[in-house]
Amino acid sequence: MMRITGCILGASLVVLAPLAHADMNTLWGEQAMNLRADEAERGQLFRDGNYAMFIHWGLYSNLANKVDGKTYYGIGEWIMNENMAGIPVDRYKALAADFNPAEFDAMAIAQLAKDAGMKYIVITSKHHDGFAMFHSKANAFNIVDATPFARDPMKELADACRQLGLGLGFYYSHWQDWTAPGGGRGPETYADGTRATFDDYFREKCLPQVEEITTGYGPIAIVWFDTPGGIPKKYVEQLVAVVRKNQPDALVSGRAGHGLGDYVTNGDMHVPHQNIEGMWESVDTTNDSWAYAWYDENWKTPKEILRRLVACVGRGGTYMLNIGPRGDGTVPDRAARALRAAGDWLRRDPQAVYGAGASPWGHALPWGDVTAQGNRLFLTVFDWPASGRLHVPGLKTPIRGARLLDGDAATAVAHESLQGWARLELPARAPGELASVIELELASAPEVDRTLGIDPELETEVLVDFAEVTGAAKERVSWMEKFGEWKEIDRVHAWEKDGAARWEVLVFAPGDYEVSLTYAGTGRIVWGVDVEGGEHIQNQQNASHNYQRFPIGWVNFPEAGRYAVSVSCVDGEREPASLKSIHFTPVAWK
Ligand code: FHN
């Protein structure tokens with residue numbers, strides 16, 4: 001039975017209280033895993049191909065989140081679940097007779113991944129519903145034997161990927177199987193009423209099917225096991241052994257469980273704010289659901305896609321972005337267009353992403369993000385400063401040369417070092433419509449002061465992730481906006497009277513700055529903001545159950561330099577007052 005804290009599921013309006021981080025793991029199974037293969041050959045895939053396509057496509061896609069005329073909001077591949085439509089096993093299995101994705105075109109999907117600039121595809125060969133999207137001899141509940149379509153789309157996709165030089169990986173739900181007797185959260189008996197164990201399911205279906213997907217489709221790049229839940233270690237060991245035997249070069253996802261995977265997968269839809277060591281990926285969706293949901297038009301724009309991709313590469317990881325094809329096999333046009341637009345950008349300025357690694361700053365900067373290759377830094381600017389002056393805080397290594405990249409062209413950029421910041425003189429208009437890249441060639445390996453810099457021209461948001469906290473609790477919380485759509489933030493709450501979140505910041509331009517806070521809470525809250533050795537301001541503002549930004553007042557930094565700034569909860573409902581970030585925006589007098 002799933003445990004969902006403080007939420008009403010199945011209602012059309014779902015209001016969910018934040019779950020402690022541990023609860024996300026309880027619900028989905030262990031998320032963050034140990035890491036084994038960082039130095040191994042298998043690590044090459046992540047080093048070279050740090051952008052990938054995830055595809056959730058199955059029998060559930062044919063329902064598109066609508067059952068008996070009623071729409072269910074949440075991740076479509078969970079439509080069977082009692083918190084969604086609650087479809088009984090027999091009824092769900094019978095739906096296969098209506099599944100005929102005649103428009104499926106493997107080459108078109110592979111070409112989309114290629115056009116998007118992605119290097120490999122990971123597709124659901126079997127999700128928790130137990131329906132195999134490949135021709136399985138081990139179990140007849142599969143797309144060839146149980147549907148009028150009667151084709152093996154995984155074979156077609158494997159051929160298409162090979163032709164286009166893309167890697168292919170298979171998602172396989174190893175613990176959860178909701179339709180196979182003995183599977184995780186599945187029926188507890190066979191049709192004749194005899195008891196089924198997990199061991200039965202594992203021997204009869206899971207292990208043979210993993211043998212099938214690792215032998216029938218040529219070389220594969222990844223086996224992406226998911227939601228290990230309560231699976232005992234001995235089973236994962238056997239699965240990993242099968243993958244190693246049949247596909248020695250393939251990666252095994254960390255969500256295999258028991259630390260037996262090769263790399264870490266972050267919590268769903270989470271793009272980290274601080275660099276993470278080792279080999280890891282973030283998985284994300286082009287809209288809200290993984291699988292196709294008819295109503296889900298909440299698309300990420302090409303710019304958002306690029307921001308999230310560059311942030312993952314900048315934090316040292318890989319980004320895998322999902323599409324959910326429809327039940328007929330076609331890909332929603334808006335998803336395809338957004339991916340292609342982001343891909344066009346990547347083709348113009350590929351250096352910032354491919355083969356690039358983590359930012360020496362360890363976090364994003366107000367105008368964008370930084371990725372690195374040896375002594376070269378790539379500054380991807382998403383928010384172009386109107387003055388044409390780009391400020392780079394704390395760069396200690398001298399710059400040998402700076403160039404504004406624009407496809408095949410590159411223009412030299414004037415630069416100077418001032419007050420410990422680098423300042424670049426750029427044209428007033430950005431050459432790239434979505435973002436532009438500046439390449440800095442440094443005199444030696446990059447060395448930076450990682451202190452957060454307050455930009456003299458653009459708004460700077462400083463997250464509590466980077467704060468030192470005393471007399472309050474800092475924690476990571478995750479919650480679902482709707483079923484399965486996770487949001488995750490770091491927050492500071494449960495403030496004592498003298499509690500504070502404190503940051504050191506670098507200021508380039510002295511003067512007045514508007515300060516606002518993003519927080520959630522209830523009732524009356526009075527916040528205080530202190531510049532150590534300088535001004536103290538405080539103000540009462542509204543509170544909302546979700547995180548919103550409220551202005552607090554102005555503070556002055558009398559000169560350039562290093563400051564300590566702290567936020568405290570001066571009065572009101574301190575326990576639920578939950579701070580996410582502080583924002584500084586320079587006051588424009590002209
Ligand atoms: O339960 C699944 C979910 O349906 C989806 O496949 C995601 C993708 O990362 N993985 C599980 C939840 O973490």
Side-chain angles (χ1 to χ4, degrees), residues 2-4 9 19 21-33 52-61 63-65 72-85 87 92 121-133 169-179 183-186 222-231 251-257 261 263-272 280-293 296 308 312 317-325 478-488:
M2 296 199 301
R3 187 160 68 82
I4 301 175
L9 288 162
L19 297 167
H21 188 53
D23 288 316
M24 190 164 174
N25 291 339
T26 313
L27 190 56
W28 298 144
E30 195 185 350
Q31 298 266 333
M33 311 295 158
M53 176 179 275
F54 208 8
I55 304 179
H56 277 66
W57 189 51
L59 188 47
Y60 40 78
S61 312
L63 296 174
N65 283 33
Y72 295 85
Y73 297 87
I75 50 177
E77 68 282 6
W78 278 70
I79 191 73
M80 261 190 92
N81 185 264
E82 70 229 38
N83 294 303
M84 297 282 279
I87 307 173
Y92 188 79
I121 296 177
V122 175
I123 185 165
T124 45
S125 70
K126 183 200 83 163
H127 206 274
H128 311 328
D129 66 340
F131 182 72
M133 291 293 284
F170 289 129
Y171 175 110
Y172 189 88
S173 173
H174 56 322
W175 175 62
Q176 295 195 66
D177 191 312
W178 303 334
T179 50
R185 296 193 179 124
I222 292 191
V223 182
W224 214 92
F225 295 112
D226 197 9
T227 66
I231 194 170
L251 289 167
V252 172
S253 68
R255 292 189 189 174
Y263 64 90
V264 173
T265 300
N266 292 319
D268 288 348
M269 307 164 186
H270 181 68
V271 173
W280 60 267
E281 72 186 350
S282 280
V283 289
D284 203 2
T285 63
T286 37
N287 46 353
D288 290 340
S289 175
W290 300 102
Y292 178 68
D296 189 355
R308 294 169 82 84
C312 285
T318 283
Y319 186 57
M320 184 153 78
L321 181 60
N322 180 75
I323 56 167
S478 44
W479 69 92
M480 294 194 286
E481 293 287 336
K482 46 189 176 289
F483 186 77
E485 186 198 331
W486 289 100
K487 300 281 178 233
E488 193 169 54

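Note that the structure is predicted; figures quoted are calculated from it, not measured. We use all heavy atoms of the structure for the numbers below, so side chains are in, but hydrogens, waters and symmetry mates are not. Both counts, for ligands and for their atoms, begin at 1 and track the order of listing.
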**Q.** Asn81 side chain near Phe483 side chain, heavy-atom distance below 4.5 Å
**A.** yes
Q: Just let me know how His127 lines up against ligand 1, side chain, backbone, both or neither, with a heavy-atom cut-off below 4.0 Å.
A: side chain
**Q.** Numbering as shown, the atoms of ligand 1 that approach His128 to under 4.0 Å (heavy-atom distance)
**A.** 1 (O), 2 (C)
Q.
Under 4.0 Å from a heavy atom of Val283: which atoms of ligand 1 are those, numbered in the order shown and with their elements?
A. 9 (O)
(Q) With a cutoff of 4.0 Å, is Tyr171 in contact with ligand 1, counting heavy atoms of the residue only? (A) yes
Q.
If the test is side chain to side chain contact (heavy atoms under 4.5 Å, CB included), which one of Tyr60, Trp57, Tyr292 qualifies with Glu77?
A. Tyr60
Q) Under 3.5 Å, is there a donor-acceptor pair between the side chain of Asn322 and the main chain of Trp290? A) yes
Q.
I need the contact type for Thr227 against ligand 1. Using non-hydrogen atoms and a strict under-4.0 Å cut-off, is it side chain, backbone, both or neither?
A. side chain
**Q.** Min heavy-atom dist His56 to ligand 1 below 4.0 Å
**A.** yes
Q) Can you find an N or O of Asp268 that's nearer than 3.5 Å to an N or O of ligand 1? A) yes
Q: Give the ring-plane orientation class for Phe225 versus His174, where under 30° counts as parallel, over 60° as perpendicular and anything between as tilted.
A: tilted
Q. Which ligand 1 atoms are under 4.0 Å away from a heavy-atom of Trp78?
A. 1 (O), 2 (C), 3 (C), 4 (O)
Q. With under 30° as parallel and over 60° as perpendicular, where do the rings of Phe54 and Trp224 fit, or are they tilted in between?
A. tilted
(Q) For Trp224, which part has a heavy atom under 4.0 Å from ligand 1: side chain, backbone, both, or neither? (A) side chain
Q: Kindly indicate whether the side chain of Thr285, heavy atoms from C-beta on, has any atom under 4.5 Å from the side chain of Glu485.
A: no
**Q.** Side-chain donor or acceptor of Lys126 paired with backbone N/O of Ser173 under 3.5 Å
**A.** yes
Q. Do any N/O atoms on Asp226 end up under 3.5 angstrom from N/O atoms on ligand 1?
A. yes
